[in-house]
Amino acid sequence: MGRWVIPREVQGDGRFVIPRRDFIPAYLTTYEEGRLKEKVEEALSHLGPSCCVCPRLCKGVDRLANEFGVCRVGRYARVSSAFPHFGEEDVLRGWRGSGTIFFSWCNLRCVFCQNYEISQLGEGVELTPKELAQLMIRLQEMGCHNINFVTPEHVVPQIVEALPYAIEMGLRIPLVYNTSAYDSMESLRVMEGLVDIYMPDFKLWTPERSRKYLLASNYPEVARQAIAEMHRQVGELKVDEEGLAVRGVLVRHLVMPGLLDETREIMRWLAGLSRDTYVNIMDQYHPAWKAKTDPRYAEINRRVFRQEMEEAYRMAREAGLWRFDIRWRMVVPGIEWVMIE
């Protein structure tokens with residue numbers, strides 16, 4: 001059996017490596033110390049009588065009584081799909097996939113959402129805590145390297161409530177919190193000691209554009225506070241000997257057409273947080289949802305130009321960042337791994 005050639009951006013000449021034998025998922029330590037029960041109780045208290053799970057702070061909405069506010073989710077989480085995902089970053093997908101659980105609905109209203117059927121139309125099935133835990137175990141049994149909660153901002157209590165069941169069923173792999181970064185500090189404090197890898201998407205820098213494109217003018221301020229808190233909890237991204245993420249922050253930024261000034265400020269801020277911040281500068285933007293059909297968003301009704309992506313990387317390097325996500329594994333679903341030299 002050969003070995004992976006892991007890029008320096010990932011392992012930093014060994015500086016960002018945690019040997020697998022030394023890694024214990026954060027939630028297991030919290031559970032063994034007897035602190036998880038308190039976290040479950042605190043998380044559930046955020047559901048009502050006035051929900052404070054996310055920054056929307058839906059006053060008078062008691063989700064414990066199955067009421068719902070902006071996110072349209074009541075007492076139990078709704079899940080649209082769960083499967084080994086081979087499209088995630090190489091540090092997450094490995095060679096057996098990242099165990100993604102896509103939660104339905106969302107606390108943002110991005111006019112360009114590429115998963116709008118899930119986030120805006122709510123496609124999915126409601127699950128009890130035990131059923132959500134069973135889903136985690138099923139993904140682990142399929143060989144996934146981690147459990148990847150996608151769009152978890154509005155269902156933090158439901159995730160925390162499910163964790164004791166999953167642990168008792170044998171959950172032992174890292175937890176990934178895959179978020180838009182529109183998270184409340186209350187939720188993030190509950191998740192401390194439970195999440196191994198935070199993966200926030202820092203979308204926009206200015207309140208004006210956040211109001212127009214996300215329907216949340218306070219998004220930039222919330223995202224800065226949230227990402228700083230995530231970094232405080234888990235630090236820069238660390239991997240094991242095979243380049244699989246085990247702890248830390250991985251920031252995504254979707255480059256949008258004509259909005260490179262937003263990118264510049266975000267990259268400067270991330271470098272200020274830490275020049276070792278691991279960043280995925282994404283070129284996947286394409287017009288979807290309202291951006292594709294509504295003339296009010298005509299300026300973003302196109303793909304990103306190659307020159308814009310090149311400029312985005314130039315801005316990031318100029319800011320001092322250097323750990324950029326790149327494709328380096330050759331992965332074929334169904335085949336355990338393919339060595340590259």
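Counting begins at 1 with the first residue of the sequence. These numbers come from the heavy atoms of this one structure, side chains and all, not from hydrogens, waters or symmetry mates.
Judged purely by distance below 3.5 Å, without hydrogens or angles, the side chains of Ser80 and Glu123 never pair a donor atom with an acceptor atom.
Panel note: side chain Glu308, backbone Phe305; a donor-acceptor pair is recorded below 3.5 Å. Judged by distance alone, the side chain of Tyr219 and the main-chain N or O of Ser180 form a donor-acceptor pair under 3.5 Å. At least one donor-acceptor pair closer than 3.5 Å links the side chain of Arg323 to the backbone N or O of Asp276. Listed for the Arg56 side chain is no donor-acceptor partner under 3.5 Å among the backbone atoms of Val70.
Sparse packing is recorded around CZ of Arg275, with 12 or fewer heavy atoms of other residues, nucleotides or ligands lying under 6.0 Å away. The neighbour count for Arg327 CZ, taken as heavy atoms of other residues, nucleotides or ligands under 6.0 Å away, is above 12. Counted within 6.0 Å of CD1 on Ile24, heavy atoms from surrounding residues, nucleotides or ligands total 12 or fewer; the atom is thus considered open.
To the nearest 0.5 angstrom, Ser81 atom OG is 5.0 Å from Ile118 atom CD1. To the nearest 0.5 angstrom, Phe103 atom CZ is 9.0 Å from Thr151 atom OG1.
With sequence neighbours left out, Val61 forms a side-chain contact (heavy atoms from CB on, under 4.5 Å) with Cys58, Arg63, Glu67. Residues passing the side chain to side chain donor-acceptor pair (under 3.5 Å) test with Thr277: none are found, sequence neighbours excluded. Checked against ring pair (Phe, Tyr, Trp, His ring centres under 6.0 Å), Phe83 has the following partners two or more places apart in sequence or in another chain: His85, Phe102.
Hydrophobic clustering of Ile, Leu, Val, Met, Phe, Trp and Tyr side chains at less than 4.5 Å, counting indirect connections, keeps Val17 apart from Val234.
The shortest side-chain heavy-atom distance between Tyr285 and Phe112 falls under the 4.5 Å cut-off.
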